[in-house]
Amino acid sequence: MNTPQEKDNQALVAIVDDDQSFREALDSLLKLIGLRTAVFPSARNFLDSPQFPDVSCAILDVSMPGMDGLELQRHLVTTHPIPIIFITDLRDAKTREQAVRAGAISFLNKPFSEETLLNALNSALRA
């Protein structure tokens, strides 16, 4: 397993996903490899969090009620530019293109392997 480099373990990774079981599983995996995480059920909860300014990287679900992942990405680009990894169960090429064009580090379709996620995190935390 290609775990993020030791210096990256001080990074705070935000997980923003409305699916509680997925959020918890991802949180457990990242903590298991030594990363600090903060989890949020919505974009609004993330933006309103006192942890928001300290986030080094965000893993965002594309489809969420209220502000979706793409809207959140557009907001972050202007207010708090951080590396973004998108996750989705959608197979929409247009959505993928929009996310990548706006600067997403990676766009992962569910289900994805731990190795794929860890490689994306390595790229994001080095960005």
Using the rule given for side-chain contact (heavy atoms from CB on, under 4.5 Å), can you reason through F86 versus L108, listing the C-alpha separation, both sets of side-chain angles and the distance that settles it, and then say yes or no? CA-CA 6 Å; F86 276 109; L108 308 178; over 6 Å; no
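- With sequence neighbours excluded, the residues forming a side chain to side chain contact (heavy atoms under 4.5 Å, CB included) with S123 are I105, R126, listed by chain and number.
- Distance CG/L118 to CG/N122: 7.0 Å, rounded to 0.5 Å.
- Taking S21 as the reference, D19 meet the side chain to side chain donor-acceptor pair (under 3.5 Å) condition, with sequence neighbours excluded.
- Sorted by first then second residue, the side chain to side chain donor-acceptor pair (under 3.5 Å) pairs that include residues 22-31, not counting sequence neighbours, are Q20-E24, D27-K31, D27-T37.
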Quick one: do L12 and L35 satisfy side-chain contact (heavy atoms from CB on, under 4.5 Å)? Show the steps, please. CA-CA 7 Å; L12 179 60; L35 289 173; over 6 Å; no
Carefully, step by step, assess R36 and V13 under the rule side-chain contact (heavy atoms from CB on, under 4.5 Å). CA-CA 6 Å; R36 292 184 323 127; V13 178; over 6 Å; no
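- Legend: ring-ring contact (aromatic ring centres under 6.0 Å, His included) pairs involving residues 56-75, not counting sequence neighbours: none detected.
- Identified under the salt bridge (charged side-chain N to carboxylate O under 4.0 Å, His left out) test for residues 37-62, with sequence neighbours left out: R44-D48.
- A heavy-atom distance below 4.5 Å is not found between the side chains of L72 and D68.
- Remark: S42 engages N45 in a side chain to side chain donor-acceptor pair (under 3.5 Å) (not counting sequence neighbours).
- D17 pairs by the salt bridge (charged side-chain N to carboxylate O under 4.0 Å, His left out) definition with K110, not counting sequence neighbours.
- In this structure, CG in L121 is found 4.5 Å from CD1 in I59, a value given to the nearest 0.5 Å.
- Taking CE of M67 as the start and CD of Q73 as the end, the distance is 12.0 Å to the nearest 0.5 Å.
- For the atom pair CD1 (I85) and CG (L117), the distance works out to 6.0 Å, reported to the nearest 0.5 Å.
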Hey, mind stepping through L30 and I15 against side-chain contact (heavy atoms from CB on, under 4.5 Å) and telling me if it holds? CA-CA 10 Å; L30 298 186; I15 302 166; 3.9 Å; yes
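- A distance of 8.5 Å separates CD of E114 from CD1 of I33, quoted to the nearest 0.5 Å.
- Residues F107 and I87 are not in side-chain contact: their nearest non-hydrogen atoms beyond the backbone lie 4.5 Å or more apart.
- Using a 30° and 60° split on the angle between ring planes, F112 and F22 fall in the perpendicular class, above 60°.
- Residues passing the side chain to side chain contact (heavy atoms under 4.5 Å, CB included) test with S113, sequence neighbours excluded: E115, T116.
- Applying the ring-ring contact (aromatic ring centres under 6.0 Å, His included) definition to pairs two or more places apart or across chains, those involving residues 41-71 are F40-F46, F46-F52, F52-H80.
- A 4.5 Å side-chain heavy-atom check between C57 and I82 finds every atom pair outside the cut-off.
- Separating the OG atom in S63 from the CG atom in D89 is a distance of 6.5 Å, to the nearest 0.5 Å.
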